[in-house]
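In what follows, every heavy atom counts, from backbone to side chain, and hydrogens, waters and symmetry copies are set aside. Positions are given from 1 along the sequence.
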Amino acid sequence: SNQEINVLLILNLALTIPARVVVGMLVDKLGPRIMFSSILIIGGIISILFALAQNYHQLAMARFALGFVGAGFVVGIRMITEWFPAKETGLAQGIYGGWGNFGSAGAALLLPSIALVLGGNDGWRYAIGLTGIIAIIYGVLYYFLVSNTPRGSTYFKPKKMGAMEVTSVGDLVLYLLMSLPMYAALAVLNWKLSPAVLGWLDGTVSTVIYLFLAGLYVLQSYKIISINKSIFSVPIPKLHRYAFAQVVALDLAYMVTFGAELALVSMLPLFYVNYFGTSLVLAGILAGLFPVINLVARPAGGYFSDKFGRRLTMLIVFTGITGAFLLMGQVTKEWALPLVVATTILAGIFAKAGSGAVYSIVPLVQRRFTGQIAGMVGAYGNVGGVIFLTVLSFYDPHTLFLTIAATAGVTLLFVFFMLKEPKGQMAEVMEDGTVQMISVEK
């Protein structure tokens, strides 16, 4: 039913938010080789379980578990950080992210065809099961073919597990505040599944989940304070300091760029059908153009960051996002369809270039917990998706477009005042106690 489909779409987002944070911690500790192989193999097994589901409950649980696979994105960010110098990291990260999203678009186009070819009512099972088998095989290959770093390089790890290290009391307060929206987004998803909206969960289960999320935030806050308690008594040497405000600006930026992408990918097909009377097939094709743009726009955002400056690129793309979505907010049913599609593509180019620009900076904040920073920034992308899709559930597409534009405009101010151009070098401590300086210059 439509309600069951809506539940699946919500479950699609739920686990990815905490999983990206947890996987970010684990990849910093264990390395990309083990983590990527594990995620591919586990994700493949879950895909096969999804394909074998015999009732809706089994299907929904498998779909919820598959949200864990979305955390794999974080692993690649740390991997590329180890293999590419600062002057090339934007383009490399952009190509990686662009191909990841292009893979999603490719699957949306190919899997229905595979299901039809393999045939019958069970065609979808064979198509999904096949992706699981491919993931498992590639997970094994990845383990044996890949190393975490180039030969002779050091893989820097955080000194403590469970939270990022910050370097001032003010940064600690910011960290605690920025952790809260991730739990709030999960609470919103729980509310959507509660009796108040879809009724998939009963009132008792929903209340237990709220209490669990509140307890989890308190526990995480305790862990953050515990790991960073030394800053209250011992000042951090200037050589090892970094500004957590950089992370805040990147969190908010990715919330807009990737959040807008999640929202538009979900709503564009019906937007074309309901507003412009297109067929479902044509609507699917036109909406499919949006994620395909990633293949060019996201690497372009990274390339321009490498070439012309990371802060300048962020300011330009967020000005573009604000303007493009303001323009989309003016679309009416009287507009010609080609003009609407062109406006959508323009908004997509700026948003996806913005994602590339964000992840050109993430690896240059602090090397040893790049995974954790990437995980938090990535989680905020899903938080943005939850916020924007919630707005859409209450209002019309025009309100969604204007909300994205307003959020992008506010984020532009955060970027202007809080984001600094990475300069000079960052310091990391070797296992023998010596300090290695790593260039962050473009």
Side-chain angles (χ1 to χ4, degrees), residues 24 73-74 76-98 100 164 171 174 178 241-261 294 296-322 349-378 380-381 384 408-428 437-442:
F73 169 71
V74 174
I77 298 298
R78 179 69 200 251
M79 183 81 180
I80 290 170
T81 301
E82 300 298 325
W83 281 86
F84 289 86
K87 64 182 180 180
E88 297 174 354
T89 192
L91 178 58
Q93 298 284 6
I95 292 171
Y96 165 67
M164 277 185 277
D171 284 354
L174 274 178
M178 292 303 290
R241 290 182 191 172
Y242 76 98
F244 192 79
Q246 298 281 86
V247 181
V248 173
L250 294 171
D251 285 345
L252 297 176
Y254 202 63
M255 181 183 77
V256 173
T257 60
F258 191 67
E261 179 170 347
N294 265 301
V296 175
R298 190 156 179 157
Y303 172 77
F304 286 119
S305 295
D306 291 341
K307 193 77 173 174
F308 302 110
R310 307 188 192 284
R311 182 173 179 271
L312 175 62
T313 301
M314 288 280 283
L315 291 171
I316 291 171
V317 295
F318 270 87
T319 301
I321 293 168
T322 305
I349 288 171
F350 278 113
K352 295 164 198 306
S355 292
V358 167
Y359 272 96
S360 76
I361 303 174
V362 165
L364 307 179
V365 178
Q366 201 68 37
R367 174 65 65 89
R368 68 182 176 276
F369 39 81
T370 293
Q372 292 177 73
I373 296 172
M376 189 175 192
V377 172
Y380 261 82
V410 172
T411 302
L412 177 62
L413 296 177
F414 276 89
V415 170
F416 184 82
F417 289 107
M418 297 179 71
L419 192 66
K420 307 298 180 186
E421 182 71 24
K423 289 183 179 179
Q425 298 174 311
M426 71 174 82
E428 291 291 358
M437 305 302 294
I438 302 169
S439 174
V440 297
E441 295 279 5
K442 65 181 180 64

Side chain of [X], backbone of [Y]: donor and acceptor closer than 3.5 Å?
X    : Y    : value
Y380 : L250 : no
Q93  : G356 : no
R311 : F416 : yes
T89  : A86  : no

Which pair of heavy atoms, one from [X] and one from [Y], lies closest together, and at what distance?
X    : Y    : result
I77  : A374 : CG2-CB, 3.7 Å
A253 : V358 : CB-CG2, 3.7 Å
I361 : P422 : CG2-CG, 4.2 Å
A92  : I80  : CB-CG2, 3.6 Å
A297 : I349 : CB-O, 3.7 Å
G90  : S360 : CA-CB, 3.4 Å

Distance check, rounded to the nearest 0.5 Å: [X] atom [atom1] versus [Y] atom [atom2]?
X    : Y    : atom1 : atom2 : value
T411 : M255 : OG1   : CE    : 5.0 Å
E82  : T370 : CD    : OG1   : 7.5 Å
L412 : L252 : CG    : CG    : 12.0 Å
L312 : L419 : CG    : CG    : 11.5 Å

Partners of Y303 by ring-ring contact (aromatic ring centres under 6.0 Å, His included), sequence neighbours excluded? none
Restricting to ring-ring contact (aromatic ring centres under 6.0 Å, His included), what partner residues turn up for Y359, sequence neighbours left out? F73, Y254
Cut-off 3.5 Å, no hydrogens considered: what does the side-chain donor-acceptor table look like for residues 313-320, sequence neighbours left out?
unit_1 : atom_1 : unit_2 : atom_2 : d
T313   : OG1    : F304   : O      : 3.3
T313   : OG1    : G309   : O      : 2.7
T319   : OG1    : L315   : O      : 2.8

Residue pair L91, I95: steps toward the side chain to side chain contact (heavy atoms under 4.5 Å, CB included) verdict: CA-CA 6 Å; L91 178 58; I95 292 171; 4.0 Å; yes
Sub-4.5 Å side-chain heavy-atom contact between [X] and [Y]:
X    : Y    : answer
T257 : K352 : no
M164 : M376 : yes
R310 : L364 : yes

Verify side chain to side chain contact (heavy atoms under 4.5 Å, CB included) between V247 and M178, making sure each step is shown before the conclusion. CA-CA 9 Å; V247 181; M178 292 303 290; over 6 Å; no
Honestly, is R78 close enough over F369, meaning NZ or CZ under 6.0 Å from the six-membered ring centre and within 45° of the axis? no
